2 protein chains.
Amino acid sequence: MKRKPSTEATSAWIRLMRVQSRVLDCVEQDLKKAGFPPLAWYDALLELSRAPSGELRPVELERQMLIPQYSTSRLIDRLVDEGLASRRECKIDKRGQFVEITEAGRELQKRMWGAYSAAIEKYVGSKLSDADAVKLSGLLDRLGCSCGEMKLPPVANVNESSPSR
Amino acid sequence: MKRKPSTEATSAWIRLMRVQSRVLDCVEQDLKKAGFPPLAWYDALLELSRAPSGELRPVELERQMLIPQYSTSRLIDRLVDEGLASRRECKIDKRGQFVEITEAGRELQKRMWGAYSAAIEKYVGSKLSDADAVKLSGLLDRLGCSCGEMKLPPVANVNESSPSR
DNA sequence: CCTCATTTGATGCAGCTGCATCAATCTTGA
DNA sequence: TCAAGATTGATGCAGCTGCATCAAATGAGG
């Protein structure tokens, strides 16, 4: 018989689910109300804007964002449709391609960060001291490493223009 | 100009998003691999099974589960289709109806709890001491109360057959 | 009693997700 | 060199979500 979780663990699980979806909803709503596209678009634009030459292979984007391949493929479709990115062929590997962020894409990413960061402050920052935020991060990390790895490169100028990852 | 979140808050936000989706994915996968329906079904069955007479108004279910009205309506459709619940007309309010859990529904809920609780233990319980789970719950609660209220009735016999809420 | 607002639940539509699969290309190794 | 396998990316299909809206019934006020 499998061991059962303690009430403490179960309670933490439930809160993790509920609070995350609540907070995420709030943030997404704020973005939407400000006339911006979903967070996933931001994440993709951020990754692209950070890439050395503003372009990435879809496979790279996929790995960075931790989303499935088909999801990446379609997200790129939408970004391209909106003129936020463009596809370029990859000379060295004809299977592949490069996705390059456009000027409009870079600009949208920056504008979104204004609303996004305000939302993070509103729904997270203002609720926790920095010390508590660190504690929360630490506890969450203990759960996260479970089902795969999570590379979290040195959090540098997060405040400047983007959440680090 | 709106205040910007600290790097600590931003980092906590990112981890909250990533860890939750990771852990939820893992749990859902375990359930699916065991041949069970999605967690939402379990939540609904649990609420129904807890109701005094095994039945609830859709509106009640909606409030308990914190999901939108149309979502409830369709979830009930699916439960009914699978014979896990049935709709009964509501004599006193002809707009409304009652949704009653069936024997099959009760049984599925119990069987799912076996797999569900094992998954919670595997992905949460085993990663945190009870004391840390309590700390995590506490920190999460500070975020949760932000965008609405969350009634969390006294967590009683969580272990017995269900996560409390 | 009658009208108007509210509550309850259903549904058409568009968009997104996951799954499975496909085609094209690249890589490996005999 | 060539066949088998791996990688890269796209896509058809089904299911779920959110939005807007609808119809039916109830309730509140005049």
Side-chain angles (χ1 to χ4, degrees), chain A residues 17 20-22 24-33 35-44 48 55-82 84-100 147, chain B residues 17 20-22 24-33 35-44 48 55-82 85-100:
Chain A
M17 297 302 116
Q20 187 270 355
S21 85
R22 244 176 158 58
L24 177 57
D25 266 13
C26 292
V27 172
E28 290 268 23
Q29 280 304 317
D30 279 15
L31 281 185
K32 178 176 287 192
K33 274 184 284 190
F36 290 121
L39 262 184
W41 291 37
Y42 175 83
D43 290 339
L48 290 175
E55 62 187 7
L56 284 175
R57 298 284 297 266
V59 173
E60 301 298 333
L61 193 53
E62 182 186 326
R63 281 193 268 262
Q64 298 277 322
M65 298 183 61
L66 302 173
I67 59 179
Q69 179 271 319
Y70 51 80
S71 192
T72 312
S73 178
R74 283 162 174 153
L75 179 52
I76 293 170
D77 283 349
R78 289 170 220 135
L79 295 180
V80 171
D81 282 350
E82 298 296 326
L84 302 169
S86 61
R87 294 183 205 264
R88 300 196 322 97
E89 78 169 311
C90 177
K91 308 281 188 193
I92 51 179
D93 184 344
K94 282 184 209 147
R95 290 169 306 184
Q97 62 191 241
F98 279 107
V99 179
E100 186 177 14
C147 9
Chain B
M17 296 303 115
Q20 188 271 356
S21 85
R22 243 176 160 56
L24 176 57
D25 266 12
C26 292
V27 172
E28 290 268 23
Q29 280 304 316
D30 279 14
L31 282 185
K32 176 176 288 194
K33 274 184 284 189
F36 290 120
L39 263 183
W41 290 36
Y42 175 83
D43 289 340
L48 290 175
E55 62 187 6
L56 284 175
R57 298 285 298 265
V59 173
E60 302 298 335
L61 193 55
E62 180 186 327
R63 283 193 268 261
Q64 298 277 324
M65 298 182 61
L66 303 173
I67 58 180
Q69 180 270 321
Y70 51 79
S71 191
T72 311
S73 178
R74 284 164 174 150
L75 179 52
I76 293 170
D77 283 348
R78 289 170 220 137
L79 294 180
V80 170
D81 283 349
E82 299 296 328
S86 61
R87 294 182 206 264
R88 300 197 320 99
E89 80 169 310
C90 175
K91 309 278 185 193
I92 52 180
D93 184 344
K94 281 183 210 148
R95 290 169 306 184
Q97 62 190 242
F98 279 107
V99 179
E100 186 177 15

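So you know, we letter chains A, B, ... as the sequences are listed, proteins then strands, and number each from 1. As the structure is a prediction and not an experimental result, all values here were calculated from the model.
Position along DNA chain D of the nearest nucleotide to A/Gln97 versus B/Ala40 favours A/Gln97 as the more 5'-ward residue. In terms of position along DNA chain D, the nucleotide closest to A/Glu62 lies nearer the 5' end than the nucleotide closest to the other residue of the pair A/Glu62 and B/Tyr70.
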Nucleotides 25-27 of chain C: which of its N/O atoms have a protein N/O under 3.5 Å away?
| from | atom 1 | to | atom 2 | distance (Å) |
| --- | --- | --- | --- | --- |
| C/dT25 | O2 | A/Arg95 | NH1 | 3.4 |
| C/dC26 | OP1 | A/Lys94 | N | 2.9 |

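For the side-chain contact (heavy atoms from CB on, under 4.5 Å) test, residues two or more places apart in sequence or in another chain that qualify with A/Arg78 are A/Trp41, A/Arg74, A/Leu75. Residues passing the side-chain contact (heavy atoms from CB on, under 4.5 Å) test with A/Glu100 are A/Glu55, A/Ser86, A/Arg88, sequence neighbours excluded. Contacts of A/Ser71 classified as side-chain contact (heavy atoms from CB on, under 4.5 Å), with partners at least two apart in sequence or in another chain: A/Ile67, A/Pro68.
A/Arg57 comes within contact range of the sugar-phosphate backbone alone, with a heavy-atom separation under 4.0 Å but no base atom that close. Using a 4.0 Å heavy-atom cutoff across all strands shown, A/Pro38 reaches no nucleic acid atom at all.
Checked by atom type and distance alone, the side chain of B/Glu28 never pairs as donor or acceptor with a backbone atom of B/Pro38 at under 3.5 Å. Listed for the A/Gln69 side chain is no donor-acceptor partner under 3.5 Å among the backbone atoms of A/Glu62.
What you find for A/Ala44 and A/Leu79 is that their closest heavy atoms are CB-CD1, 3.9 Å. The shortest heavy-atom contact between B/Gln97 and B/Pro58 is O-CD, 3.4 Å.
The span of DNA chain D lying next to chain A, judged by atoms under 4.0 Å from heavy atoms, is bounded 5' to 3' by D/dT7 to D/dC19.
Pairs engaging residues 90-99 of chain A under the salt bridge (Lys or Arg N to Asp or Glu O under 4.0 Å) rule: A/Arg57-A/Asp93, A/Glu89-A/Lys91, A/Asp93-A/Arg95 [sequence neighbours left out].
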